[in-house]
Chemist: 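Can you keep this structure in mind? I'll have questions shortly.
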Amino acid sequence: SHVSEEAKIVPVTPEEVRDRFMGLVAVQEETLIGFISATEPISHRNRAMAKVGSLIVPPNYQTKGVGTALVQRITTELLIEEVEPYAFCN
């Protein structure tokens, strides 16, 4: 697979997306402007916990709050499901 340096596009297989516990996208005027996901929860000290990552925001939408909004929303959604986010990484 080819990674475009100009667009900062990273190839992701359908299996990688499908195997995530939760994924969210940000859309503006029918254009995908961001993505974030969380792994399947693990049990740790009687708590369900999930790793949050794969945050992708195209360069022309960075520094506009898209990434922050995605992190906040997936954190909220995980907590609603009684799953604690335990790491934020890409």
Chemist: From Tyr61 OH over to Leu32 CG, what is the distance, rounded to the nearest 0.5 angstrom?
Modeler: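 That separation rounds to 9.5 Å.
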Chemist: So which heavy atom on Gly34 is nearest to which on Pro58, and how close?
Modeler: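 Shortest heavy-atom contact: N-CD, 4.4 Å.
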Chemist: Could you grab the distance from atom CD1 of Ile74 to atom CE of Met22, nearest 0.5 Å is fine?
Modeler: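 These two atoms lie 6.0 Å from each other.
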Chemist: I need the Ile36 CD1 to Thr75 OG1 distance, nearest 0.5 Å.
Modeler: 7.0 Å
Chemist: Once side chain to side chain contact (heavy atoms under 4.5 Å, CB included) is applied, do any residues pair with Ser43, and if so which ones, sequence neighbours excluded?
Modeler: none
Chemist: Applying side chain to side chain contact (heavy atoms under 4.5 Å, CB included), name anything that partners Gln72, two or more places apart in sequence or on another chain.
Modeler: Thr68
Chemist: Applying side chain to side chain contact (heavy atoms under 4.5 Å, CB included), can you list everything that pairs with Ala26, at least two apart in sequence or on another chain?
Modeler: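 Scan of Ala26 (side chain to side chain contact (heavy atoms under 4.5 Å, CB included), adjacent residues dropped) gives Ile33, Val66, Leu70.
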Chemist: Please tell me whether Val27 and Phe35 are part of a single hydrophobic cluster in this structure, the criterion being side-chain heavy atoms less than 4.5 Å apart.
Modeler: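 Cluster IDs for Val27 and Phe35 match.
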Chemist: For the residue pair Leu55 and Gly67, what are the closest heavy atoms and their distance?
Modeler: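 Leu55 and Gly67 have their closest heavy atoms at CD1-CA, 4.1 Å.
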Chemist: Could you grab the distance from atom CE of Met49 to atom OG1 of Thr39, nearest 0.5 Å is fine?
Modeler: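 Reported value, rounded in 0.5 Å steps: 10.5 Å.
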Chemist: Restricting to salt bridge (charged side-chain N to carboxylate O under 4.0 Å, His left out), what partner residues turn up for Glu77, sequence neighbours left out?
Modeler: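 By the salt bridge (charged side-chain N to carboxylate O under 4.0 Å, His left out) rule, Glu77 matches Arg73.
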Chemist: Not counting sequence neighbours, list each pair that qualifies as a salt bridge (Lys or Arg N to Asp or Glu O under 4.0 Å) and has a residue in residues 53-72.
Modeler: none
Chemist: Tell me, with the steps shown, if Tyr86 and Arg47 meet side chain to side chain contact (heavy atoms under 4.5 Å, CB included).
Modeler: CA-CA 11 Å; Tyr86 73 88; Arg47 297 184 308 196; over 6 Å; no
Chemist: Ala69: which residues meet the side chain to side chain contact (heavy atoms under 4.5 Å, CB included) condition with it, sequence neighbours left out?
Modeler: none
Chemist: Would the distance check show the side chain of Gln62 and the main-chain N or O of Val57 forming a donor-acceptor pair, the cut-off being under 3.5 Å?
Modeler: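 Here the side-chain-to-backbone pair exists.
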